[in-house]
Structures are given as C-alpha cells and as structure tokens.
> 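Take this structure, written in structure tokens, and hold onto it; I'll ask about it next.
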Amino acid sequence: MAELHLRPSQVQILAYQGGRMGISAVPGAGKTFTLSCLAADLLLRGELKADQEVLIVTLVNSAVDNFAGQIAKLLSNARRLPGWGYRVRTLHGLAHDIVRERPEAVGLAEDFQIIDESEAGRILNEVSAAWLRANYDQVASYLSDDIEEHRLDWVRREKLPELVQSVALATIRYAKDRELTPEALRAELDRLPMPLDLAEMGWALYADYQRAIHYRGAVDFDDLIRLALLSLKLDDALVERLRRQWPYILEDEAQDSSRLQEEILRRLAGTDGNWVRVGDPNQAIYETFTTASPEYLLRFRAESGVQARDLPESGRSQPAIIRLANHLIDWSQGLEAPDPLAGALAPPRITPTPPGDPQPNPPERPELITLYAPRLEPAEEIRLVGQSVAKWLKDPANQEFTLAVLVPRNARGYEVVDELRRRGVEVVDSLLNSTSATRAAASALSEALSWLSEPHSSSKMSKAYLAWRRRLPLTSEEKALADVAARQLGSIRRVEEYLAPLPGGGWLAESGLAKSAPAVYEQLVEFQTLARRWQAAVVLPVDQLVLTLAQDFFNQPADLAVAHKMASLIRQRSEAHPDWQIDTLSEEVAQIARNERRFLGFSEDDSNFDPKRYCGKCVVATIHKAKGLEWDRVYLLSANNYDFPSGELIDQYISEKWFIRDDLNLEAEALAQLKAALSTDEYDYFEEGRATLVSRADYARERLRLFYVGITRAKRELVITWNTGRDGRQAPARAFQELMRYWGAGYGSK
Amino acid sequence: MDQSKVRRLVLDPAEPFAFSQASLQDYADCARRFQLRYVQRLSWPAAQAEPVQENEQHLRRGARFHRLAQQALLGVPLEPLAQIAAADPDPALAAWWEHFTRLLPALEAGERRVELGLSAPLGRHRLSAVYDLVQVFPAEGRAVIWDWKTSLARPRRAWLEGRLQTLVYPYLLVQAGSWLNGGQPFAPEQIEMVYWFTGFPDKPERFTCSAAAYRKAGRSLMALVREIEALGPDGFEKTPEEKTCRFCVYRSLCERGAGAGPLAEQEDEGEAESGEIEIDFDQIGEIRY
Amino acid sequence: MNLTPAQLAVVRQPPGARLFLEGPAGSGKTTAAVARLLALLDAGVPGAHILVLVPQRTLAGPYYAALRSPAAAPGGQVSVLTAGGLAQRMVDLFWPLVAKDAGFDPLRPPAFLTLETAQYYMAHLVRPLFDEGLFESVAIDRNRLYSQILDNLNKAALIGFPVSEIGERLSAAWSGESAQLRVYADVQRCANLFRDYCLQHNLLDFSLQVEVFRKHLQHSLLVSEYLKASVRHVIADNIEEDTPFAHEILQGWLPGLDSALLIYDQGAGYRSFLGADRASAERLAAACTTHLGMAGSLVTPPPLEQLGQRIGAALERPQAAPQEGADWDSALDFPPELRFFPQMLDWVAGQVRSLLDSGTPPGEIAILAPFLPDALRFALTNRLDALGVPYRSHRPSRSLADEPAARCLLTLARLAHPAWGLRPSRVEVVHALFQAIAAIDLVRAQLLAEVVYRPKDARLSPFGRIHPDMQERITFSVGNRYEALRAWLADYAEGEPAELDFFFTRLFGEVLSQPGYGFHSERDAGQVAASLIESAQKFRYAIEAAGGMDGKPLGREYLEMVQDGVIASTYVQSWQPPQADAVFIAPAYTFLLNNRPVEHQFWLDVGSNGWFERLSQPLTHPYVLSRDWPAGRLWTSVDEYEANREALFRLALGLLRRCKGRVHLAFSTLSEGGYEQKGMLLRSIYQVQLEEAARG
C-alpha cells in the first residue's frame, strides 16, 4: 500500500497498534477508505490465523459492498479463496451471524425466519386494528374536542388505526431495545401503583404482535439484535469463540449506533480488545425512528484508554460551502440551553485538504451558491427548481458534472420527479425507493403472475408480454415492435383462440399478421410457446412457479438471484397464509420488492450507487438516502420550519396529530410512560405533555443535522430554497435564516 | 430427465426378478396387467370390486383371520384369541374362528412351519412364496401345505387346479424345502396341498403331487419365464377375456370400462400380495438435514 | 465375486464364529458380509434361521440384491429387518400375550401409527393447548413441534429411560434462557398426554412398539422360544448407526447364537439424531469371539483420504491423521468466482454436462447438499433437464399435498361435500378443472369456472345452462367432459357420503383416469392419487382403531389436517430404477446412508453453514438424550461447537471415502437469501490451503 497517498490524519490512524480508538470524521473525509486501508493493513501484517477475521460493521447494505470492494482491491491476490480474512456486516447481518451460532439457546429453530418490515407492518396492522376494535374507549379520551362530528367517524376509521399502529411500533422498538419480552414488561408494569394507560396499550399490542410472529416461527429485525445480545449474555463460551474469531472490530457510522449495537460490540471486543469506531456525530440522522444516538460515540471517545482521533480534512466541497457548514457548527455551539439547537452540531470543523493532496477541494466560487430567500408556494418551488435544473443540464459546460435534487421526504421527491419528467429531464429516482433493478425484476414477475391468475384477460396478457420483452434493454426499433405486438395482444377478444386455437383456425392464423407484419407475427408465436409453458406451471407450488417464470424472464445473474430470493419469500408467505392463491400472491410479489431491502445485496445499483454514472441526468433523492454521496451541484428543497423545526412556537410537528388533544405526541407520551414504569428513580414520574416537548427538541436537533448533511453533499454548487407549506403558514427554517444572515453579512466572499 | 420417473417396459436383463405365484398368475390372466403391475410398478388406485367398502371389509377380515390363525399356530393361547375374534366388529370373523378351532386338532401333528417363506432360483430369476402353514412329518418324509381361503364363494376344483398357486407351492417346496426334510428334497408324491375355506370348513380341496406333475411344473414355469423375458415393450398384450377386466384396477388405462365388477362375482379373493416381507421401515421419517 | 484376502478371511471364518468386523467406509466390509451370507446358505444353513439386521432400509440393499439373485442357494427366506421392524412384527404377532400387561385393551387388535398418523394424534391433542399459552415462547413451525415431541418419546424408548423423565433430562442440561425450562415442561406434559391417549385407544406409535417389545415381549417365554428357534445366525451391518435398543437385542442374543457377524464402520455414526449410539455399538465387541479389522480403502484415492484428514486437523480433531505427500489439491475443483446463488446452480449443471460429454457415466456423479429444500431441488433439476442430464433424487421436489394431481383431488373432494363448509376458491376450481379435464387449456378452464362456479355456495352448474356463445368458446368436447364430471359429483353428493379414500378411489377409477380426463395418460398422477388414497386410508384406520371421531366427519377432519400441513406433507415415493443411469441428487447424509461411492461429487453451496450446524431442535436434544450424557451436566456452546466440528469431520470424511475421483466445490459469495456465507466447511478447506501455502 506504499503507493497510496495518505493524509497525516489518516497516517495516524493506520499506525493503530490495537486497543480502542474513537474517530470523529467530517463529511467527505474518506471514512470508508481509511477503514478499508486499516483492515487491509491489519490483514497484511500477517498476524491473523486462518480462521480469524477482521470484523467490519457498518450501517447499510450498500456500504457492505463498498467496503468489501475496497478491501479486495487493496489486498493483493495472496489468497486462493477471495473474500477471506475479513467480514463486513451490517448490524443486522452481524446479529444474524451471532444468533445463527446457536439459535436454540434463544428459543429459535435453526431455519427461523426473519420477517421484513412489510410483513411486520402487516402483522402490526392486524394486531392494532383488532386491539382498537375492542378498546376504542381507551384512546377516545385522547381525541381532540374540536373534531367536527362528520369527521369523527373518518378519524376513527382511518386515522386512529394508523396512530395506534405507530404507537405500537414505537413501544415494541423501545421494549426490544431495553431487552424486554412482553412477559418481562408486564412484570414491570405490574409494579406500578396505578396503571399508565398508554403503556398498557403498548404492552397489549406488543404481546399480541409477538405472539403473532412466534406463530410464524419468525423474528423481526429488532428481535434479531436483541437476541444476538442475549446469546452473548447467556454464553461466555460463545463470546470467547467469537472474540478469537474476530480479533479486530472496525465500526463505521458509529454515530448511528444504538445502545444494543454498542453493547454487542463491547462484548465482542472485550475490555482490552481491539475496537475502532468511526463516525460523524453531526451526521446522526436516524434517531427519530430508531433507538440510535450519537451520544454513544461521543461518550466512547471520552472513556479512558480510548485513543480519540479526528479526520477533519475533506476535499469534497469548495471552501465557500465548507464555510457554510462550519458556520452551522459554530452557530449551534454558540447557542445556549434551553435552546434545543444548542450543541446539536459539534466540532471538528471541516478543514480543506492540504496542498498536494490527491483530492484537492474545488476552487473557491462563492457565486455558485444560491440561498434563495423569496417565499414560494410548494408548487412554485418545484416549478422553479425544475426550470433551473433543466437549464443547467442543457448547458454544455455542465456535461461532465453531476446534479442532485435533495428533499426531506419521499413524497416531495415524487413531485419533483413528475415535474422534471414533464420538462423532459432524464431523472434517476432509484434512491427514492428500493432499487430499480430489484423492482424491475419483481414487477416483471408480478405482471406475469397477475396474468396467470386471470389468464383470460388480454390486457393482462399484453402487460405480461411487455414485462417479458423489457427484461432486456431494447433498441428503439425493438421497443416500437414490442409495443405493436403488445397492442395486438391487448386487442384479442378471446385469448383462448390465440393461446389454444382449435385445429384449423385460431386468432393468429386469421389475423393475417404472418403476411402483413411478419416481425410482429414472429413475436406472437414465440410468446405463445412461452405462455403455454407458464400456464402448465400454474398448478405448481408458487415458489416453483416463480422459478419457472424466472428462467424465461431473466438471464442477468442479479435478476435471477432476485427471483430466487423472491421465490423463497413468497413460499414463506404462502405457508403463513395457506388460503392465499396465486391472485393474492402476485400482489405480494410486488409488495415484497418494495420493502425487502436490508438483506438484499443483489443489485449492482443497490450496492454501489455512483453519482458519477449519471452525468447529464438529475438524481432525485431524500437527504437520508444521499448520505455518503456527493454531487457537483445540489438543490436542497423545503428548508422551512415544518421540515426543519427548531422548537419555536409557530412550529408544527409531524408526530403531533391534529385530532389528538393538547398537541400531544402520543408515541412520545407512550414511551415516556414506559420509561417511567421502568425507572427505579422515584422522582422519575410520568407527567402528560412533558415528553411531547422533549421529543420536539430531539427532533429539532436531528433535523438540524439533516440540514447539515444536505449542505455537505455539494461539491461546487449549492441551491437552497424553501416553501410556505400546504397551509401557507411556514417560514424559512431557523438554520436557513441564520445562513442567509451570515451570507448576507459578507461571509459569502472570502 | 428425472430417471426416477422412468418406467421400464420389459424385464431388466441385468436384474433378477422375484416371481411369485401372484405375479405369475397375473401374467397368465393378462400379460398387460403383469407389465403394468410388476414391470412398470404402476400404482393405479381404482376400485377392484364394488361396493368398495365391502371389498375392503372383506380383505381386512381375511387379513385378520390369517393373523389369528398364525397366532394360534405359534402357540398363543386360544382363549384370548377367541375373545378377540368374538369382539371383532365383523361377525363373520367369529364364525370363521370357530370353524378354524375345529380344524386345529388336525394341525397339531407333525412339525408346523407357520408363515413359511421359501425361495429358489428360477432361471436367471427367483421364485418365492410365503406359505400359510406347512405341516411336516419327518419320519415319513411327508408334507402338507395348507392355504387359508377367505373368499365369499367356494371356488370350483377345476378353477383351483388351474391356478398357478397350485402349481407353484408344491414345486417350490420340493425345490427349497430340503432343509425341512433332513437335507433331502421332498419326494413330490409325498406333498399334499390343501385349500381350506373359512366359510366352508368341511369342504377343503386337496391336491396331491406326483413326480411327473413336478417335472411338468418345472417345465411350464421355465417356459413362462422365458416367454416373459422374450417379450418386447409392446408384447405384453391385453387379455382377450374382457370379463377379467372387471376386477382389474387398470381397466380405465386399458379403456375397458369405468366401474368395478360386483364383489360377489369375483372368483379370486384378491388376497394382499405376500412376497418380500415389507415391514414399515420408515417409521422414523426422513431426517431433516 | 473377486474378494480381497481380508474379505476372504471373513468369509472363511468357521461357521460358529461370533465376529466383530471394523474398518473405514470403502474397505469392503459389506461385500465380505454378503459373501459370508451366501456361503452360510451354501453350507446348508437354513435361510429361515438367518437374520440380517440393518439400521435403515437403504443399508439393506446389497443383502436384498444377493438374496434375490440366483446365486443364493434355495431354501427358507432370510429375514432382513430393522430393530424397530422386528419389534413391530413381534408386537403384532404376540399381541394377546402382552396387551393387558402393557396397559391396552387386549380384546382389540393393536393399531400401529405411522409417522403421519402419530403426528396427527399429537396435533389433535396439542392444538387445543396453544390457547393456554403452551409453547408460546418457541419460534418453530407446528409440524416440527409435533415431530420433536414424538422424537422425544422415540428417544426415551430407544435409549431406555422412562417417558416421564424427558422434561427433567432436557431441563437439567439447559444453559440458555430460562424461559426454555417452561418449554420443556410443556414438552413433558404433551408427551404424557400422548402416551396416555395411545394407551387408552390401543394406538402404538413407534415408541410404544419399542417399549412393549422391550418391557413385555422380550421376556415372554413363548416369544423368546420363537426367536431362539428362528434366529440362529445374525449379520448386523452398520451397527454404529443403530440404537441402544438394537444393541441391547444383539447383546442378549449373542451368547446363544450359532454365528454372528457384527459390522462397525469407523468414522461413521451419522444417525445420532435418530438415537444411534456409536459407543454402545462398540461395546458389543466384547461379546464377540473374534475381532477382525479392515484397513485401507478399495474406493478412495489417497489424496482424498489425505484431504479428509487435513480437514480434520483444521477442525482440531484429535483422531485426524494427516500425512505428508498426497496431492489432494488435484482432487478438488473450485468454481470461478460466482456472486449469486443461481450462478452456482448454472455452474454445477454445466460441469455435470461436460463430465457426461467427456464420458463419465451419469451414475458416477452425485450432487450433494446439507439439505435440499423443494425449491432448490426444483431449480437444480430444471437446469439439468435443460441440458439433457438424466438425474434421480431420493424424493421429488413437492410434498404430496403440493402435487397438482393431489390438489385436484382435494379440491374436488371439497366440492363434493358442500356440507363440510370447506368451499374452494375460484382459482382452486380453475386449477382443478385444468388438471381434471384432458386437453383443456388454462384460459378455457378459467372461462368455465367463471360461469359454472360460484364460490359462495360451492356448487357447479350444468354446462347446458351456459349461454351458447360461451359454450362454443369453451368447446363442446370440453363441455361434455365437464358435464360428466359434474354429474358424477352431483350424483355422489346426493347419496350418503362415502369414506374419503373410497371417494377418491371411485372418482379416480370412474372419471379422472378414464379417456378424456387428465389422469388417463399421466402415470405419475396415478402414483400421486394412490399415495393420497393410502394416506387417507391409513388416517381412517387409525381413527377407527381409536374409536372414531365423535360426530365429525372423518373426511372433513382429514381435509382440514391437509390444509394445516399436518398430513400429506410427506413425499410420494416413486419407483426407483437402477442407479447407474442417472446423476444422484440428495442431501449429504442420505447419500452417506445409501452407501454407494461415485466418481464425482458436487458439494453444493459448500459455503453454507448448513454443512456445519446441527439442525436445531428446541424441544429435544440428540446429545443430552443419549445414554452416555451424565445426568445434570450442562450442554454449553462449547459442547455444541465441539459436537458440530466432530460431526462435520465425520461428514466430510464419510463423503470423501465415498468418492473415487474428484470433489467439485460449488459456492457463491451470496447465499440464496442474499447473505454472504463463510461456513465452517469452506473455512476449514481454506485453512488447509493456507497451511499448504505457508508450508511452501
């Protein structure tokens, strides 16, 4: 690795000789690269035995592949079996590995199933609905008095189930994070002098939910982590063995570590073990919906015996952008409690790379930064941005550059996508959802299954045909031909006369296509053969049907892999619901594709989203999904106080429902009741409304960091806009106002 | 191609075939049936005789009787056996049992071999049989073969005489029974075969053997086997006797009718095939590795 | 037969000898035993006095083959049995002697339960208890729950401890989460319930067959006289795969036998999950007069034996004996780097094809995996079909209830019994018609079902009532067949409902197998129908034997149990042709117990941890419930890890000893589910490689 050019801060980290190290990095500092170098270096030092591995833990699947790829590149071809000597895992992947060591110790069968969020959501939905039917009165006391009579029924039917479900989800997450089974939680609640209603409700839902997933012989993602820790707690010999197996633990994105994650790694590392944690507390943006917190990394760095290091240099952004980002840190540091934003961002500040660095910062161009102050209606904002994007992309000077529009929420992203498409802009939206390739493969299968469940429908047949044709990239002529053939298929009134004609007749023969359009005819003959084969397979168990279809649909390994995974998931579904037939199951296939993400490492674009591949196009993404990525030009939308609140009186909060009285955040209140129940401190009592306020503050801090993440995605150009929200009452976000003030005060220029 | 679904059409020249009186009888009745049942091993679960539940009852009653008889002959005390027979939901069984106890004293003599399995080479193949009872009188070098028949009607002697069982049993006893006779093969004329009818205890049918009959049996068995060996895939013809098909499960396959014939008209009692002993090996299921 | 000197030595041992023969797999032990069996017959030993005892049916193959050949001297039939089979046979024969003492009603005959019917009764008894919260904390599917409780009963019987001690023994060894102790208590409760129910109803599951034989029959004078007279010579093969129960029987017989030959395979012992016990097998040696050993393999080339020993060393097995020198590397074939699971399947199919093209007979290839789920079997065989590779698997890729022909019969049964309230959905009716009527296409089946079937009242309406235009679309030839089927069903529904198996029999014989219907030319459909009928019939026998179902129609109970997956979840055993003409696809352990070496082995998904991990049994425990586990000792993850490494070593060595040429390792970076995999087997091979590299 001698030829690598390393910065002094990186050299310091690579000099690591063991023990615990905590590294704070800034956006663009090359965390993955540095950790990969360290992993490769540890391996090349030759101290590891054949059965030992460097364990790398990271946050998302895409990072797993990134790491694996980087390390493989850094290692020479010393080994015959590639990919050995290190193991890269997400926390869930690691938890899975640990539980798999001895599932029965924690009450699981060895082929235990992991239900994904969609199935978990469905179960929770059923459980919540059933609970609500029986216990409506318990929540009725939380309804706002202002609900008009004619809307009450609607709220009760549509809104409350959603809310109950979200309270259930929060409770379950929290309980699992605190390693409490329903039985254990029950015991805690029973110790209270008087029952707490939301906690009781949460418990009831938790117990029902857990029973339902046990019935399926399954665990959910949160169980997996809880049970991994439990396995380690129960079994010292297992810990010993794993310690031997993983003498080094490198942890990336440690700012998003949860208590359990830290606990698991702490046990694996042991008190004098080798554990390197890298993270950027300023980029901790997953706390609201999880139990993660940047506090864990910060506290770790402060522990005695931990070597604290920084990776402050970043060659990503031009100096003016760095100044903006650093100003946010300074500003937050300058605020004082009880201002919720005080200290939400923390040093290290970002430092440009030193001269001679292989990644020099782009040159200083303050004029490429637009902080757009005028008030815009939401639709106007999108129109304006659309116009600007289209214009920018047309400029020949920008052909080599990358561009992204970043939004706080998926829904907003779809609106942007629509606008851009209307303007003829080529849009890349794969980051808005699960990956497009996965989806394409699954939706093709779902089209085919959907037709097979109604084989006499010519329109479904036509769609299935198109899905099959489009499995391969088509030239525009082929596309046109496919469309013609699809139209022909869609026009068939009696499908059986095409697929199973009586001797001497049939639709194809009578259509005259053989003469008038031989190319189309050929298509239809080919499809006829296939369709007959599929129809014959329709009586097979559904997973085997999917596999049969997959053979005809796909030839790309990744697509086939998706189909295999799909087949096994759909099999699980059909076993859990034996009454489901092909019609329901074809719906499921589409459903699975949308949600199955954490374990899917199947698609190239899922694993390595590389913005550089999309020059001349516009990537639309949420800020969350943009983490770890960079573009030359970035639009940051919706910088208002709804998406980025700051604890001011005019703020509205997404978790405070209009139909709930006193602006209560029921999720937060429910959690507060649980916390009170679990606390041993007698002064820790529950007071209604307090948690709602605390949760506002937490949320505001996290959204400030999200704003910071958005800004630091930009390399050269940055545009920030805001809008007035649906009700026209929103103002620019406080942080945005501060930046505009700072910029207007002359900090835009050097 | 899944070879486990491939069915042979002719005897495998590389594999010895285990013939029994039942399979040979099937061949004699209908070559096609032999091919379907023993060469192709085709399960074809149509009814053998109607009404199906009566047919089943009949078969199960027969099996229960055979079990009781075997137990009695092995020395299980008669008292509990009688109680079992009396408690049976099928009243016919108690009657049969009563008939059998009257026969028992006659079976006390000599050495008794119950459910005796014998086998001997037959050309490149093998011939096997399981006898309900063989009564051996060593001093005289004499043997009596007993066979319990549980059919509803008593078959005609001529019909029995033509059955392969009547040919095979004495023949095989000579071939494979010398160990029962102090190392000497039984002389054919010392072998008697008795069909005893549970429903007609006083009218057993007795056949005696002779050296000539024995030689003839050997020749005709060999001829049968050679004939079967020589048949090509299409050589196994359906019987011209369409009446046979009424009691044959393959009738739909051969396009010879839909419904089964009436039980009362079935001459053969359709006893469960007793060849190689197949105990339920698979009590413990496949291991889920 | 050409025998080696060592084999000849076995054959030529004096007739009265009691021999203990041990050696590794492939050293020719069974061949020697078969030769000795034939020699005994030739020497005039009556076949009826010989018993061949094997742990499971597949291992009886060579003996059956020899006895069926004309080479065997004429005479009485040799018995080939398992210990369990022997027990069942004896209980059946001598029932009146012991029924009362064993706690049964002596006036009624014994009803032997199959695995399926035992499972049914367990479900019947345990299901109502779920509402009380039994087994709430165990994540396991219902069928495995039932089968593991049954497994405990079987273990108790085979090993010889009281059923009442199951929970206690399991609890005493438990080192995990304490909630599990409640589970063991639940297990005990269910085991007791089941046992009591069986005793009350004259039902004998496998465990009771064994127990009744062991406790009551064995010592009855009549039975021991009977056995003494009919078992004079014993050949017991693979005793290391047999249970303490079998060993106990042998131990009791040995002193009085005229001759005995016990065969012990060193390094094997794969059936420990089923109660097999190597240690108690080994102890039988002391009761034998002559010990013979066979060394060296007639099968395995030295490099493969060497590789096996090296893997053993990597797994830290003390008994592994690696020596220098052999070039094991040439005997291993690695795939190119493959990322996805289906790519691995493609690679395997392609390699097999090219082996065939270069002249390897298909029977010399085996594709092995730690376990072989239906979908995998299906995906693999599809690929082999596409390449024209002949193959054979020990079972098909669909359970009985999943077979289209069975589903058709089951749907029609629901239609014919509207009173049971098990109304099929329209899709099910479409598929049933699609199967039932010959030459109907799916579209017409759909059209037909749309017009003639209303799921609400589950009735089919006559073809004649359809609009003529639609009749024409569906065609009259289809219409006529449909009409005959409908009329048959309607006719049936008019009368008294028949037992379900009779219903199937008649429906099959009178309609579905007739010309013009789907089963007529489908020979496999006949097989499937036969299996379904047999399953329904055995179910009925078992229920009748226990005194019926108080009011509920039996057929309905059966159909519900099929839907629950309790019944008909087994596989249709198909007719097996000779093995030489097909590639064999099987779970690794099945292959081992088939005991037939091949030239090429493909180790499928060799990166999977399935090769290493014991199948988890949260309700039972093969090691804790073994005879030698000290009471009260905890089972820890150290034990688990040790046991797994030992098992993996035995597995790898066993496979290599059944390989005459080359092992092809098949793996992909990501598993089928998208996980990266680095299972212990692959890891130990990697370690062997690293060590080799380090050595230079």
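Because the structure is a prediction, the values reported are computed rather than measured. Per chain, numbering begins at 1; letters A, B, ... match sequence-line order.
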> Taking all atoms of both residues into account, what is the closest heavy-atom pair of B/R41 and C/Q527, and its distance?
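Looks like O-OE1, 4.1 Å.
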> Examine distances only and state if a side-chain atom of B/R126 and a backbone atom of C/L67 form a donor-acceptor pair shorter than 3.5 Å.
yes
> Looking at B/A120 and C/P74, what are the two nearest heavy atoms and their distance?
CB-CB, 3.6 Å
> Check each atom of C/R523 against the heavy atoms of chain B and say whether the ones under 4.5 Å are side chain, backbone, both or neither.
both
> Is the backbone of C/P109 close enough, under 3.5 Å, to the side chain of B/R64 for a donor and an acceptor to pair up by distance?
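A pair under 3.5 Å: no.
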> Take C/R89 and B/E115, measure what salt bridge (charged side-chain N to carboxylate O under 4.0 Å, His left out) needs, and give me the verdict at the end.
CA-CA 13 Å; C/R89 196 195 248 193; B/E115 292 286 313; over 6 Å; no
> Give, as side chain, backbone, both or neither, the part of B/L173 having an atom under 4.5 angstrom from any heavy atom of chain C.
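No part of B/L173 comes within 4.5 Å of chain C.
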> Minimum heavy-atom separation for B/V52 to C/T505, with atom names?
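What the structure gives for the nearest pair is CG1-CG2, 4.4 Å.
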> Would you mind telling me which of C/G75, C/G526, C/G509 has the largest number of heavy-atom pairs within less than 4.5 Å of chain B?
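Of C/G75, C/G526, C/G509, C/G75 has the most heavy-atom pairs under 4.5 Å with chain B.
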> Given heavy-atom pairs under 4.5 angstrom as the criterion, report whether the side chain, backbone, both or neither of B/R251 touches chain C.
neither
> Please identify, among B/E79, B/Q53, B/E56, the residue contributing the most non-hydrogen atom pairs under 4.5 Å to chain C.
B/E56
> Examine distances only and state if a side-chain atom of C/E510 and a backbone atom of B/A260 form a donor-acceptor pair shorter than 3.5 Å.
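Not a single qualifying donor-acceptor pair exists.
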> What pair of heavy atoms forms the shortest contact from C/Q77 to B/L118, and how long is it?
NE2-O, 3.9 Å
> C/D92 versus B/Q70: any side-chain heavy-atom pair under 4.5 Å?
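No. Closest side-chain heavy atoms not under 4.5 Å.
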> Examine whether an atom of C/P390 lies under 4.5 Å from a heavy atom of chain B, and if so say whether it belongs to the side chain, the backbone or both; otherwise answer neither.
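Answer is both: backbone and side chain atoms of C/P390 are under 4.5 Å from chain B.
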> What part of B/L116 lies closer than 4.5 angstrom to a heavy atom of chain C: side chain, backbone, both or neither?
neither
> Roughly how far, to the nearest 0.5 Å, is CZ of B/R124 from OG of C/S69?
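If I round to the nearest 0.5 Å, the distance is 12.0 Å.
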> Heavy-atom cut-off 4.5 Å, strictly under: side chain, backbone, both or neither for C/F508 against chain B?
side chain
> Could you tell me which portion of C/L107 (side chain, backbone, both or neither) has an atom closer than 4.5 angstrom to a non-hydrogen atom of chain B?
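C/L107 touches chain B through backbone and side-chain heavy atoms alike.
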> With a 4.5 Å cut-off on heavy-atom pairs, point out which of C/A72, C/G388, C/A65 contacts chain B the most.
C/A72
> Contact part of B/A258 toward chain C, heavy-atom cut-off under 4.5 Å: side chain, backbone, both or neither?
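Both backbone and side chain.
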> Against chain B, label C/F519 side chain, backbone, both or neither, depending on which of its atoms sit under 4.5 Å from a heavy atom there.
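Interface part for C/F519: backbone (N, CA, C, O).
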> For chain B, find which of C/S513, C/P515, C/A530 contributes the most heavy-atom pairs closer than 4.5 angstrom.
C/S513
> If you tally heavy-atom pairs under 4.5 Å against chain C, which of B/P45, B/S119, B/P77, B/A46 wins?
B/P45
> With a 4.5 angstrom heavy-atom cut-off, is it the side chain or the backbone of C/L93 that approaches chain B, or both, or neither?
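For C/L93, heavy atoms of backbone and side chain both lie under 4.5 Å from chain B.
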> Between C/H520 and B/S252, which heavy-atom pair has the shortest distance, and what is it?
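Closest pair (atom of C/H520, atom of B/S252, distance): CE1-O, 3.0 Å.
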> Out of curiosity, B/E255 CD to C/Q514 CD, how far, rounded to the nearest 0.5 Å?
8.0 Å
> Let me see the working for C/W95 and B/V76 under side-chain contact (heavy atoms from CB on, under 4.5 Å), right down to the final yes or no.
CA-CA 9 Å; C/W95 176 249; B/V76 175; over 6 Å; no
> Tell me the closest heavy-atom pair linking B/W44 and C/E522, and the distance in Å.
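In this case the closest contact between B/W44 and C/E522 is CZ3-O, 4.1 Å.
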> Should B/L74 and C/E225 count as side-chain neighbours, where that means a heavy-atom distance under 4.5 Å?
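No. Closest side-chain heavy atoms not under 4.5 Å.
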